[in-house]
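See structure below.
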There are 2 protein chains.
Amino acid sequence: MGNIKIHGLRKEKRKFFFVLLRLAEMGAYQRSIKVSTFLLAEKIGLSQQTASRYLLDLQRLGWIERSITRNGGLIRITEAGRSVLREVFSRLSVILESKIPSSLMFEGVVFSGLGEGSYYVTREAYRRQFIEKLGFDPYPGTLNVKLLSEHDVKARAELDNYPAIEIEGFKDKDRTYGPVRCFRALINNEAEGAVVCALRSHYNSSVIEIISPFYLRGKLKLNDGSRVRVEVFPNIPSKKGET
Amino acid sequence: MGNIKIHGLRKEKRKFFFVLLRLAEMGAYQRSIKVSTFLLAEKIGLSQQTASRYLLDLQRLGWIERSITRNGGLIRITEAGRSVLREVFSRLSVILESKIPSSLMFEGVVFSGLGEGSYYVTREAYRRQFIEKLGFDPYPGTLNVKLLSEHDVKARAELDNYPAIEIEGFKDKDRTYGPVRCFRALINNEAEGAVVCALRSHYNSSVIEIISPFYLRGKLKLNDGSRVRVEVFPNIPSKKGET
DNA sequence: ATTACTACTCACCGAGTAA
DNA sequence: TTTACTCGGTGAGTAGTAA
């Protein structure tokens, strides 16, 4: 979730991305092109020897195909190589084209509430929706985090502007329960969960409440006063079709 | 033209691009975010010390702004930094979204024609259009290049499918002169010019004819039999609005 | 807790050169 | 002509640590 290592190739991507981009610009994205190591060296501003090694490495990685003749080899980018370029492109698209940041980082301190969290989370009508829309059955309780700095409080307020996973309100015979907005989150870079924002919260915006399939105080060894880092992903949608 | 060093920062871009991308994904593209060197280190998979140096370097480059407090600095990407990301994005767009390659590379051998090139280039109605649409007054003569390999001939044939800078045909009292398709080109990675493709050419598709503001045989020290490299840019439009 | 210095290691780049 | 090897210098990344 945001951090999972799909990439056992981080280092390689960093090293070879711009060379691959150059080759693509020379036409190797769609066709075979004739490139000598000397020509490539010129284009990337490095030596012929380095260009040669780069091509060998790219070949070993399976990002290009190559057939060497005596006056410069024929090169074309493979599907694997194309997907490297596409991946960077789509990461940039998200950043440049969407107004919604891919994640927001919060820092705060754990504190104990009065158990209201637990009460609400265990209401069956809420619980059913958490399971359906978030994909997990929440531990019966919330982790309350007090935001300390100005900066965090401002960022928290911004969350209100982003599209959330919406949990509908309901009534029972005694009272009404308001709608809740959720955002997927990662706590201490380790445990998945969600930030829940009740529209009529008993807390002000310097507090965030977190639910999770795990008992977070146990899993992350937290006590009152522990510092936690919460990364919120406003872009990750709910499991089942939601706006 | 394709190769001009707008970038005195090639090396820096290669080195810092992915770090900048990471920071952007963490939200620094639009807002200030709180990032400790330790957190950044985690995200990029390198040590805290390296992350610290990266941030210092990015700051010196003017790609980020930074204010250090005692629990992690506040960081935001500057306009200069954003433009680095946008540049890579647009280079990728060109490759991924257009069917037209940004350049095609040809290799061949210089040979002498019978002077017809010179005759056509100096027709006033052609010359006027070259000046208007290509932005240069061509040397009165063409450089003929014989393509030797199968691969080059195929690539030459592909040019017919790409949108060219169109030079209109005309009539004088004696005869008609056909339309001509031009593509901007770089000869031996050094001299600007254009490849001209007459629709009714006296040559077959294993030859390309080049015009240039320069006397290329002189400028590039070419003789009959010299090998030349011609890079053709099918995407660079004419000076004045042309389809 | 932070940031960032110094010192050290190792990987990378390029000169020379063989094939 | 090419490609790509070896090898030596340089610069990038990390451990230790001060502030």
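Throughout, a chain's letter reflects where its sequence line sits, starting with A, and its residues are numbered from 1.
- With sequence neighbours excluded, the residues satisfying side-chain hydrogen bond (donor to acceptor under 3.5 Å, both in side chains) with B:S206 are B:K146, B:N204.
- Between its opening and closing five pairs, the helix from C:dT2-D:dA19 to C:dA19-D:dT2 changes axis direction by 40°, a value rounded to 10 degrees.
- Side chains of A:S102 and A:N235: no donor on one and acceptor on the other come within 3.5 Å.
- Each of D:dA4, D:dG13, D:dT1 was ranked by its minimum atom distance to the side chain of B:L46; first place goes to D:dG13.
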Q. Given B:R86 and B:E79, is the salt bridge (Lys or Arg N to Asp or Glu O under 4.0 Å) satisfied, shown in steps?
A. CA-CA 10 Å; B:R86 278 197 306 266; B:E79 182 48 34; 2.6 Å; yes

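- Listed by chain and number, the residues in a side-chain hydrogen bond (donor to acceptor under 3.5 Å, both in side chains) with A:R229 are B:E42 (sequence neighbours excluded).
- The nucleotide whose nearest atom lies closest to any side-chain atom of B:R53 is, among C:dG14, D:dG13, D:dA4, D:dG13.
- We find that CZ of B:F38 is positioned 13 Å from P of D:dT14, with the value rounded to whole Å.
- In this model, a donor atom of one side chain and an acceptor atom of the other lie less than 3.5 Å apart for A:Q48 and A:T37.
- In terms of phosphate contacts, A:S52 brings no side-chain nitrogen or oxygen within less than 4.0 Å of OP1 or OP2 of D:dT3.
- For the residue pair A:S90 and A:S93, no side-chain donor N or O sits within less than 3.5 Å of a side-chain acceptor on the partner.
- The interatomic distance linking A:F18 (CZ) with C:dC13 (P) rounds to 14 Å, in whole Å.
- Rounded to whole angstrom, the span from the CG atom of B:L40 across to the C1' atom of C:dA4 amounts to 14 Å.
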Heteroatom pairs (N/O) under 3.5 angstrom, protein to nucleotides 15-19 of chain C:
residue	atom	partner	partner atom	Å
C:dA15	N7	A:Q49	NE2	2.8
C:dG16	N7	A:Q49	NE2	3.4
C:dG16	O6	A:Q49	NE2	3.2

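- Summarising the geometry, the separation between CG on A:N188 and P on C:dA1 is reported as 13 Å, rounded to the nearest angstrom.
- One atom, CG of A:D57, and another, P of C:dC13, lie 9 Å apart when rounded to the nearest Å.
- Qualifying ring-ring contact (aromatic ring centres under 6.0 Å, His included) partners for A:Y54, counting only residues two or more places apart in sequence or in other chains: A:F16.
- For the pair A:L148 CG and C:dT2 P, the interatomic distance rounds to 14 Å; values are reported in whole Å.
- For the residue pair B:T78 and B:E65, no side-chain donor N or O sits within less than 3.5 Å of a side-chain acceptor on the partner.
- The interatomic distance linking A:K11 (NZ) with D:dA12 (P) rounds to 14 Å, in whole Å.
- With sequence neighbours excluded, the residues that form a side-chain contact (heavy atoms from CB on, under 4.5 Å) with B:V84 are B:K13, B:L20, B:W63.
- The phosphate of D:dG13 (OP1 or OP2) has a side-chain N or O of B:Y54 nearer than 4.0 angstrom.
- Set against C:dT3, C:dC13, D:dT3, the side chain of B:S36 has C:dT3 as its closest nucleotide.
- Counting only N and O atoms by type, the side chains of B:S226 and B:N223 include no donor and acceptor under 3.5 Å apart.
- Using a 4.0 Å heavy-atom cutoff across all strands shown, B:L56 reaches sugar-phosphate atoms only and no base atom.
- Phosphate proximity of D:dA12 to A:R14: absent, as no side-chain N or O sits under 4.0 Å from OP1 or OP2.
- Ranking C:dA4, D:dA4, D:dA12 by closeness to the B:K15 side chain, first place goes to D:dA12.
- Distance, A:L55 CG to C:dC12 C1': 16 Å, rounded to whole Å.
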